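Values in this document were obtained by computation on a predicted structure and should not be read as measured data.
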Amino acid sequence: MGDTNLAQAVEAANDASAYDTNIKFLLADKQILARILKYAVQEFKDMAIGDIMDSIGEDIEIGAKALDAGLSNLGRVNVSGTEDNIPGEGKIFFDIRFTAYHKKMEMKFLINLEAQRTSDPGKLGYHLENRIIFYLARMISAQKQTEFFHSDYDNLKKVRSIWLCLDNSEDGDSIEEINLGRNTVFGNKVNPYDIDLMRGIIINIRNGETIKDSQNTLISMLEKLLSNTSVEEKKRILAEKYGMIMTTELEGRMQTMCNWSEAIKEISFEEGIKEGIKEGIKEGIKEGIEKGIKKGIKKERIDAIERMIQAGLTKEQIRSCGYTEDEFAEAENVLCINA
């Protein structure tokens with residue numbers, strides 16, 4: 001019996017050359033999303049995995065075109081905009097965005113899921129918590145004329161922004177929440193109205209090859225899913241330990257589109273050193289290694305832009321990832337020459 005889309009996605013994500021581009025559509029599998037909701041979003045914790053999968057809508061949106069548009073015989077993404085564009089406020093692009101309807105609570109949730117390479121403010125240039133609040137605010141304000149009309153503010157849907165941070169140390173596995181609270185700062189008035197509209201959830205995943213299994217089920221599963229373990233071992237662990245189905249009976253649809261933000265794997269230290277050694281032979285070891293690393297990084301950046309162009313990303317999306325106008329023009333020129 002052939003592998004399902006989940007099994008194929010695991011294989012695709014394990015390919016080093018496409019690892020980062022595949023993380024997003026791998027996470028968008030309903031089996032993965034259901035477990036994230038169960039163990040990270042309070043309202044879903046008492047629901048069975050199958051019921052959560054059924055609650056997830058068929059509107060899963062991922063940032064850009066899939067690497068393999070025909071990957072699944074179970075259905076694909078209904079391609080609609082993960083771009084949020086409010087006049088005068090600029091554009092933002094969500095990694096994965098979907099809805100879930102909690103039948104028992106008779107409540108619709110609007111959810112976005114982001115995979116974040118680092119949460120270090122020194123590397124980001126800002127504190128991730130502020131970005132999360134911004135995303136939550138946009139998910140609330142975007143409901144005007146879609147989820148509610150005129151002054152019907154009581155029809156606002158709850159929003160949950162979930163962030164997987166992948167760079168934590170050995171003891172850094174944790175789940176955090178950012179929410180909207182209410183405090184009486186004077187007097188004794190009690191207002192029981194629930195204002196839990198916005199909640200940010202940070203799931204801290206550890207890196208490293210020797211870490212012990214996390215005591216948290218979700219973190220343990222995600223660390224296995226995103227580890228460098230062999231494909232067959234991953235499939236075995238996900239099936240045996242976490243109950244995931246790798247056969248064609250997989251429920252739901254894998255909706256495959258790659259993420260705009262971190263689509264291309266950064267050049268590794270090893271690759272840079274190899275480039276440096278080649279240059280070192282020609283121009284002297286020390287100077288050559290420095291030049292080689294720079295050339296290797298430049299080549300990888302140009303290659304990354306080429307792959308994003310081929311994947312269907314726009315110039316604006318690519319520029320928003322930190323690439324320059326000159327780099328984009330060079331990549332376009334290379335593609336034209338090789339066409």
Side-chain angles (χ1 to χ4, degrees), residues 9 13 19-30 32-37 39-41 44 56-57 59-66 77 80-85 90-100 109-121 123-142 158-168 172-179 198-207 218-219 221-223 225-226 255-266 308 313 317-318 320-322:
Y19 179 77
D20 288 346
T21 55
N22 283 281
I23 283 180
K24 306 308 186 300
F25 75 74
L26 176 59
L27 292 172
D29 187 282
K30 281 192 176 182
I32 307 298
L33 294 179
R35 284 163 173 81
I36 291 174
L37 291 183
Y39 296 109
V41 180
F44 292 87
I56 296 173
D59 57 349
I60 303 173
E61 301 168 356
I62 310 176
K65 187 179 179 182
V77 170
S80 55
T82 54
E83 169 189 310
D84 179 8
N85 184 16
K91 297 179 181 179
I92 60 173
F93 294 84
F94 297 95
D95 279 356
I96 302 168
R97 188 162 61 174
F98 63 100
T99 61
F109 289 80
L110 309 181
I111 301 167
N112 104 280
L113 174 63
E114 303 284 326
Q116 187 75 14
R117 183 186 293 276
T118 181
S119 56
D120 183 352
K123 295 178 181 179
L124 292 173
Y126 58 84
H127 287 84
L128 184 63
E129 293 83 355
N130 290 330
R131 184 178 173 189
I132 294 172
I133 292 170
F134 177 73
Y135 273 48
L136 288 167
R138 289 290 284 263
M139 292 169 71
I140 288 288
S141 65
K158 291 189 175 185
V159 298
R160 301 291 181 259
S161 188
I162 306 168
W163 295 68
L164 306 185
C165 296
L166 310 176
D167 65 335
N168 294 278
D173 54 326
S174 60
I175 298 178
E176 306 170 84
E177 284 192 356
I178 300 171
N179 52 50
M198 304 164 56
R199 192 183 302 165
I201 299 159
I202 304 172
I203 305 172
N204 293 303
I205 308 298
R206 301 167 298 172
N207 55 25
L218 175 61
I219 292 175
M221 182 271 290
L222 290 171
E223 287 178 345
L225 183 72
L226 302 177
Q255 308 186 48
T256 56
M257 299 176 73
C258 64
N259 175 55
W260 69 277
S261 62
E262 292 181 293
I264 304 301
K265 185 184 180 191
E266 294 176 1
M308 285 191 279
L313 274 72
Q317 288 174 323
I318 295 171
S320 69
C321 295

Closest approach of [X] and [Y], non-hydrogen atoms and distance?
X	Y	result
R131	W163	NE-CH2, 3.5 Å
L218	A40	CD2-CB, 3.9 Å
L110	M139	O-CE, 3.4 Å
I111	A100	CD1-CB, 4.1 Å
N204	G172	CB-O, 3.3 Å
A28	L33	O-CD1, 3.5 Å

Are any of the side-chain heavy atoms of [X] and [Y] separated by less than 4.5 Å?
X	Y	value
I60	K30	yes
L27	L225	yes
L166	L164	yes
I219	I205	yes
C165	L128	yes
Y39	M221	no

Gap separating the [atom1] atom of [X] from the [atom2] atom of [Y], nearest 0.5 angstrom:
X	Y	atom1	atom2	value
L113	R97	CG	CZ	13.0 Å
R160	N112	CZ	CG	12.0 Å
L37	I201	CG	CD1	8.5 Å
I140	S161	CD1	OG	11.0 Å
N207	T118	CG	OG1	9.5 Å
I36	I162	CD1	CD1	6.5 Å

Exercise. Does the side-chain contact (heavy atoms from CB on, under 4.5 Å) test come out yes or no for F109 and V159, once each step is laid out?
Worked result: CA-CA 6 Å; F109 289 80; V159 298; over 6 Å; no
Exercise. Counting distance only, does the side-chain N/O of E223 pair as donor-acceptor with the main-chain N or O of R206 below 3.5 Å?
Worked result: yes
